[in-house]
Amino acid sequence: MGLSHESWPSHLPSAFTAGSPFLLSSAHPCGVPSWLASFGRGPCFQPVLLCQGTQETLSNALLKPEEEIEGSSGNTEPFSLGSLRNGHLGICAALPGSGGGEAGLLPALPRHPTHHISVPFFWGAPIARSLASRKDLTTLGEKGVASGVRRARGLCPRPGQGLLKATLGFCSFSGKSKEAEIKRINKELANIRSKFKGDKALDGYSKKKYVCKLLFIFLLGHDIDFGHMEAVNLLSSNRYTEKQIGYLFISVLVNSNSELIRLINNAIKNDLASRNPTFMGLALHCIANVGSREMAEAFAGEIPKILVAGDTMDSVKQSAALCLLRLYRTSPDLVPMGDWTSRVVHLLNDQHLGVVTAATSLITTLAQKNPEEFKTSVSLAVSRLSRIVTSASTDLQDYTYYFVPAPWLSVKLLRLLQCYPPPEDPAVRGRLTECLETILNKAQEPPKSKKVQHSNAKNAVLFEAISLIIHHDSEPNLLVRACNQLGQFLQHRETNLRYLALESMCTLASSEFSHEAVKTHIETVINALKTERDVSVRQRAVDLLYAMCDRSNAQQIVAEMLNYLETADYSIREEIVLKVAILAEKYAVDYTWYVDTILNLIRIAGDYVSEEVWYRVIQIVINRDDVQGYAAKTVFEALQAPACHENLVKVGGYILGEFGNLIAGDPRSSPLIQFNLLHSKFHLCSVPTRALLLSTYIKFVNLFPEIKTTIQDVLRSDSQLKNADVELQQRAVEYLRLSTIASTDILATVLEEMPPFPERESSILAKLKKKKGPSTVTDLEETKKERSADMNGGAEPAPGNASTVSTPSPSADLLGLGTGPPTNAAPPPSSSGSLLVDVFSEPASAVTQLAPGSQENFARFVCKNNGVLFENQLLQIGLKSEFRQNLGRMFIFYGNKTSTQFLTFTPTLICSDDLQANILACCLPGHRRLASGSWETKPVDPTVDGGAQVQQVVNIECISDFTEAPVLNIQFRYGGTFQNVSVKLPITLNKFFQPTEMASQDFFQRWKQLSNPQQEVQNIFKAKHPMDPEITKAKIIGFGSALLEEVDPNPANFVGAGIIHTRTAQIGCLLRLEPNLQAQMYRLTLRTSKETVSQRLCDLLSEQF
Amino acid sequence: MIGGLFIYNHKGEVLISRVYRDDIGNRRNAVDAFRVNVIHARQQVRSPVTNIARTSFFHVKRSNIWLAAVTKQNVNAAMVFEFLYKMCDVMAAYFGKISEENIKNNFVLIYELLDEILDFGYPQNSETGALKTFITQQGIKSQHQTKEEQSQITSQVTGQIGWRREGIKYRRNELFLDVLESVNLLMSPQGQVLSAHVSGRVVMKSYLSGMPECKFGMNDKIVIEKQGKGTADETGKSGKQSIAIDDCTFHQCVRLSKFDSERSISFIPPDGEFELMRYRTTKDIILPFRVIPLVREVGRTKLEVKVVIKSNFKPSLLAQKIEVRIPTPLNTSGVQVICMKGKAKYKASENAIVWKIKRMAGMKESQISAEIELLPTNDKKKWARPPISMNFEVPFAPSGLKVRYLKVFEPKLNYSDHDVIKWVRYIGRSGIYETRC
């Protein structure tokens, strides 16, 4: 069948369907057209029946005198069903040649023997009928059709079947061959075109007939590009059949064609306002079937009004509710929330169960998005549910389905309740518990009917009730009862029941109340694993075993899973391997058992053992001294098998390399034998494994000096030293050199036993999570963590950061080359991201709000590198910096002067864009450059304890000359208040000065060379400080330039020279300072090769005196 | 080589399934793969070769029957198709039309044939005449054959000349030669030839006694030039007398070595009808008809079409079965046609106006005009204007091929070339003969 699960609207509650091998899936109330179009395509799929509910509407329509019902519609055996009642639209289809048996065609639509009034209505009917009318036969003029229709009539006394056959009859003419069908349809299309073109207007009947034919041709898979206008005209007809065909055509065929949409919307509006329930129903169905955004835009505001209006007919209310649901699902933003929502909730109290069912669907969907708004629905739903549950099977007459009262409504109500936590009001809560108990009780009663429909309906309610119990997870009594009930199903004949029972039990196993109860079924589940024929059920059984495993039964379960693994389906092997590995590790009491299990695992399903599994084994073996000897022995024995999996060779190679000495005493596993055993596998292995084995060999050199020469011979062989693979070759060469040159002491140090691995989240678990998606396993793990009482502390991840710590690939350190210690990177401050954003939204203000006094401090730092940059009552910022050529490093110390902790402490460097272009400040290691002109400084611990000091490093590179300085912004939380401090970081151009000594002639020669007026900057200013020559000297030296003695003829003057280093250029710099003691003035002259540099240096230096 | 051969009916049910090699793996998988991916494919599969899961399916379709050859190897596709066509010919020769009914009724025979004409996937003798000597439709008959007959069949089938048995005797030695050509054309509305080629066949029916050695000559350019070296005047005189053959294939009886060295076609013919050669030419094609279309769109709802056809051959010759097919837009709601000659009709089922003329002499011209009413549609798509196609039959070879001689030598029996009665006939048909409008 060309239908996916999704597109098959079913009337079964989805408890039966979710993920199960059922063909049907959860109901999609109004969705048809999209797949309907595709449905008709292809020669072998023929549309058979489209059925649509809202029985009253339809029965009204059908009982109209003008309707040409062929004889027998009165005694139709209706397909009555809750779903038809609540207005769902069902589509049933059949493959031609499936015999057309009703049972096969309509799996979800049982017939009701006692129904009198309601006549279900098939969309296919008018098509077939118009084809069957005599006039049509003459126009179609083909024997095939005639006979098809005749046969249909003759054979089928019941219209339900008759229509079906008639439709098939029409198909049969076209089914002969594709070419014949195309010819026939071309002819028919030409005929219809000429009719539509004809000058005299068509009467409603013919228009309907031809539109209907077009629709059918479309459903056969041919393109239709005309007739839309006629269909739209039909909408304004007053006859039901014509209007209905028009709507049908539109919902199937019209795309968002602008001009037509306007007309259609108009017609729909008229019908919605018509107060004729039939027409309203048609219009609502059309909206729902199209369900496009345009439709939603046009009508989303109107439908709620219809839904809650007091005088709306029940049938229309149903349609309106489902229509709204559909619109909400396709475009939730367009459905306005408003006061109607509260009134919708009260529809749960409606007399009419159909309305309640429709409303429940709507409310459930809405409540998932806005739980608050629909909170009141809980008590209403509970009371409604209790009324249904307690009613006798005869009370609800039409809504009793095989002796089960209103199963669909019950299921929906239970679903609705799953949107909320257990009700707080004790009365409501008590009532709900009572209901659930009743449902559980009823499950125990003997079935009232042997029919499968009865048990299906009953079980649907039961499963939904159990999901609710699991969802609430608050009533131990109920949970245990549910578990026992499911236990009964585990051995049920029905595969689907077994599947669902296992699935539900999986979730039950994670509840603390029912975990023990679930465990009692372990034998049954294991049995299921062994005997079950259906693979999906077996997989559920594996899941359940995994979920119910704890220390008490781990050995048994792991053994069973290993057994199963040998015969398991390939698709789920890897998952089982992971699960076994996790369980074995987690619940291992005795680590020899663990090692055995994993080695078994590798033996049985080596190909499915992922890297993580064997990494983990090695981690555990290395971390546990008690198991090392045993592991070495076991591995050695396992390796003796003639054929062993490469993963085993890896594990063996690693473990023997580390702990081979532990078993070397035994003559059966002497060093040489160990080596030969490993080397016999060498040539069969892939490159990474060989690399690992080479490492093992060099470790052997250290462990067993007696076989050193053997190993050196192997390393020296051409196949190693001249291996085509670079990695292997390099290892061979290096190891060979290492073994020949290094003394035993050095070897022993270099090849020391691996240190224990840091404990971290099992990488296998991460893998399993990745494999299964975040859903089930995570939940399971979370809950398991809560019950961690019976877990092995050692193997357990640290509870706090388990989820945030990333698992670095352990392969590097496993190979023993020590490419870097495994670092548990501290999680970045969680709030830093948002804070940064805040800062950058107003960078200007951040800069202007410099801390008081920082400007003076800044000036002081021009001539010195270390000191206190900023200090207030809370915080002290100290600096220590060093510069060399164009590079610099600045250590920033943050001291907490208070006795309380600073929280979310985030220092940030802010640079304006042009500054950023000229200077590169970065924080190593792991610096991160941000887009908007700032660098995130090296992550500092977000908390600074009272009285503590933290340090931060900023690396700086000068790219070209600059004037501004970067701003250091520090944000932290002290007590309850938020603190924000900004200081200018004293990174100035002169820091990149390199002093140059030169003689007097040189100086003057260069001075003359820089005679260009732009290159010279002179500043005459008043002294701010006492004019002490010694201090001045110190300042000039601190400024960075060399102080040149005996250059200037006037000894009172100061002369300096230096070079500013930037990445792009080196700028020569000469300065001359002439103090005038009488006037207390200075004259500063600077000549550099770059104008901006002169200016900036002059400014900086002038400040100092 | 061919791994297996399946025959399906239009529903995709397998009628005949013969597997020659194990390499196609599970027979059922292969059978299903073809059915699902080709016969029941959503989109019509136009390629005759389909590759499914590294298995190649070569198929031909005869009416409602699909013949599919399956292989996993990289076989010569042309060979496989040649074989499939031959297979169709053989089946047609045995039981007439290839239909589901016939195949079901003759399935034993078909398996017998398949055993004979395909061995381990390698095509064997597919000459109907030879096959008929030992695979007879009445299976019992073979029991009555004498030992000598049987050994004769064996020696013939295994011998050098597998296609002809010895000791054939005719009172009248007669042979018929048919030159059958189909001419394909695509022409622009302005009368420019966009592509044209002729594919032709020389079919021979021989009723000759003994083991005659035949030599066939035609106006092949290379041969003419070779001979013309000596008689320069002849070449000058018959400038257009020779034709350039692009490529040709021969019946297995033709001695290829001789053709390669001397370019002469000599052979010992099988008895009865066979296809002597097949060829293709692309140069200097005589186009028997010229179609001049004139399509005018009058507003959105009307289309005026005028088509003129001109016959372009000797006035003494008569073309037959002329049919012009003028496609109409998909939204045609009514058509009025006027034509002077022949009959024209709008066929809605084929979306075309079909104009039929029984006979037409050369150097004549005829015309049709039609008014097409259109229904406004929602689609803004413009009509794609498919080309106007044409069918006809003319009594000459559009490629210009002429049979110069067919000499028969029978050294053992005493009849000479002159005693043989020879008939030659030329038929030119339209292949895909289209003019854009």
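The sequence lines fix the lettering, A, B, ..., with proteins before strands; numbering per chain opens at 1.
- In this structure, A:F249 has its ring center closer than 6.0 angstrom to the ring center of A:H228.
- If you check the side chains of A:Y247 and A:D271, you find a donor sitting under 3.5 Å from an acceptor.
- At a heavy-atom separation below 4.5 angstrom, chain A is approached by no residue within residues 429-437 of chain B.
- When ring centroids are compared, B:F6 and B:F34 stay outside the 6.0 Å threshold.
- For chain A, no part of B:Q44 is nearby; none of its heavy atoms comes within less than 4.5 Å.
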Show me the side-chain donor-acceptor pairs of residues 339-350 of chain B shorter than 3.5 Å, one per line, residues at least two apart or across chains.
| unit_1 | atom_1 | unit_2 | atom_2 | d |
| --- | --- | --- | --- | --- |
| B:K341 | NZ | B:R359 | O | 3.4 |
| B:E350 | OE1 | B:R325 | NH1 | 2.6 |
| B:E350 | OE1 | B:R325 | NH2 | 3.4 |

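- In summary, the side chains of B:S99 and B:E101 do not present any donor paired with an acceptor at a separation below 3.5 Å, with no hydrogens or angles considered.
- A donor atom on one side chain and an acceptor atom on the other are found under 3.5 Å apart for B:S199 and B:S182.
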